[in-house]
Amino acid sequence: QVQLVESGGGLVLAGGSLRLSCVASGSSFNRYALAWFRQAPGKEREFVAGISRMSTKTNYEDSVKGRFTISRDDAKKTVYLQMNSLKPEDTAVYYCAADMVVLGVVQTTPSVYEAWGQGTQVTVSS
């Protein structure tokens, strides 16, 4: 199983950008689909973006489409989330997660993901 560590969070003004990174340790990174979730205070954890094995498919939550981009570099065992045009409602703790799954699948339900990072705080001020 992989272990995941996120970085790149911080405080940014509305309209700004951040790039989150999630580095994995352990074996078989390329056998995992990867995703970013977020959780705001008092709210449930929600799916933000996901990318399948071999980057054949990506999936985005509607509110981030056109603003966020997920990518992966299997050689570096890293998944990224480029976040542009940030809004105050994007404020949350962002988590990366890994799901060992067949090719071409990106699941959006948190409970199916086997490994999670510790989270990184993203705060967007107006």
Side-chain angles (χ1 to χ4, degrees):
Q1 188 171 2
V2 295
Q3 293 78 45
L4 305 171
V5 178
E6 303 98 335
S7 63
L11 173 64
V12 64
L13 292 174
S17 298
L18 283 174
R19 187 195 197 201
L20 305 183
S21 299
C22 175
V23 180
S25 59
S27 61
S28 304
F29 180 79
N30 60 358
R31 296 180 64 186
Y32 289 87
L34 303 162
W36 289 92
F37 291 80
R38 65 187 179 188
Q39 188 166 19
K43 295 187 177 181
E44 293 187 352
R45 191 167 299 188
E46 66 172 357
F47 174 84
V48 175
I51 187 166
S52 67
R53 292 169 58 186
M54 298 182 68
S55 303
T56 56
K57 179 179 179 180
T58 57
N59 194 4
Y60 295 91
E61 193 268 330
D62 286 346
S63 70
V64 308
K65 287 180 180 178
R67 301 189 297 124
F68 291 11
T69 302
I70 189 170
S71 61
R72 64 188 291 166
D73 185 333
D74 286 357
K76 295 182 178 180
K77 295 186 179 180
T78 303
V79 58
Y80 304 96
L81 185 67
Q82 178 67 44
M83 306 186 294
N84 299 326
S85 302
L86 282 161
K87 303 176 181 180
E89 51 264 43
D90 295 318
T91 295
V93 178
Y94 283 71
Y95 300 88
C96 66
D99 175 27
M100 187 172 283
V101 71
V102 299
L103 285 169
V105 172
V106 179
Q107 302 193 82
T108 62
T109 305
S111 60
V112 307
Y113 283 79
E114 298 95 355
W116 291 84
Q118 82 290 350
T120 185
Q121 176 70 46
V122 172
T123 303
V124 184
S125 67
S126 56

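Residue Lys57 holds its NZ atom at 6.0 Å from CG of Asn59, rounded to the nearest 0.5 Å. To the nearest 0.5 Å, the span separating OG on Ser17 from CZ on Phe68 amounts to 9.5 Å. Of the inter-residue distances, the one linking Leu34 atom CG with Ser71 atom OG reads 10.5 Å to the nearest 0.5 angstrom. One distance of note links CD of Gln107 with OG of Ser52; it measures 12.0 Å at 0.5 Å rounding. Note that the NZ atom of Lys77 and the OG atom of Ser27 stand 7.0 Å from one another [nearest 0.5 Å]. A distance of 11.0 Å separates OG of Ser28 from CG of Asp74, quoted to the nearest 0.5 Å.
Leu18 and Ile51 fall within a single hydrophobic cluster, where Ile, Leu, Val, Met, Phe, Trp and Tyr are joined by side-chain heavy atoms under 4.5 Å apart, directly or via other members. In the hydrophobic cluster analysis, where Ile, Leu, Val, Met, Phe, Trp and Tyr join through side-chain heavy atoms closer than 4.5 angstrom, Tyr80 is grouped apart from Val2. Cluster annotation: Val48 is not connected to Tyr113 through the hydrophobic network of ILVMFWY side chains, with a link wherever side-chain heavy atoms come within less than 4.5 Å.
Taking every heavy atom of both residues into account, Cys22 and Leu4 meet most closely at SG-CB, 3.7 Å. The minimum heavy-atom distance linking Gly119 with Val93 is given by the pair CA-CG1, 3.8 Å. Of all non-hydrogen atoms in Phe37 and Pro110, the two that sit nearest each other are CE2-CG, 3.6 Å. Taking every heavy atom of both residues into account, Thr108 and Phe47 meet most closely at O-CB, 3.5 Å. In terms of heavy-atom proximity, Asp99 sits nearest to Val112 at OD1-O, 3.4 Å. Nearest heavy atom pair, residue Ala33 against residue Val101, reads CB-CG1, 3.6 Å.
Of the possible donor and acceptor atoms, none in the side chain of Glu46 sits under 3.5 Å from a partner among the backbone N and O of Glu44.
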Checklist entry - Between Arg53 and Val105, does a side-chain contact (heavy atoms from CB on, under 4.5 Å) hold up when you go through it step by step? => result CA-CA 8 Å; Arg53 292 169 58 186; Val105 172; over 6 Å; no
Item to check | Stepwise side-chain contact (heavy atoms from CB on, under 4.5 Å) test for Met83 and Asp90 | outcome: CA-CA 10 Å; Met83 306 186 294; Asp90 295 318; over 6 Å; no
Checklist entry - Taking it one step at a time, do Glu6 and Trp36 satisfy side-chain contact (heavy atoms from CB on, under 4.5 Å)? => result CA-CA 10 Å; Glu6 303 98 335; Trp36 289 92; 3.8 Å; yes
Item to check | Steps toward side-chain contact (heavy atoms from CB on, under 4.5 Å) verdict (Val5, Gln118) | outcome: CA-CA 7 Å; Val5 178; Gln118 82 290 350; 4.1 Å; yes
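A cation-pi contact, defined as under 6.0 Å to the ring centre and within 45° of the axis, is absent between Arg72 and Tyr32.
With no hydrogens or angles considered, a side-chain donor-acceptor pair links Ser63 and Glu61 at under 3.5 Å.
In Arg31, the CZ atom is not crowded: 12 or fewer heavy atoms of neighbouring residues, nucleotides or ligands sit closer than 6.0 Å.
Tested against Ile70 for a side chain to side chain contact (heavy atoms under 4.5 Å, CB included), the candidates Val64, Leu81, Leu20 yield a single pass: Leu81.
Below 30°, between 30° and 60°, or above 60°: for Tyr95 and Trp116 the angle between ring planes is above 60°, a perpendicular geometry.
A salt bridge links Asp62 with Lys65: the distance from a Lys NZ or Arg NE/NH1/NH2 to an Asp or Glu carboxylate oxygen falls below 4.0 Å.
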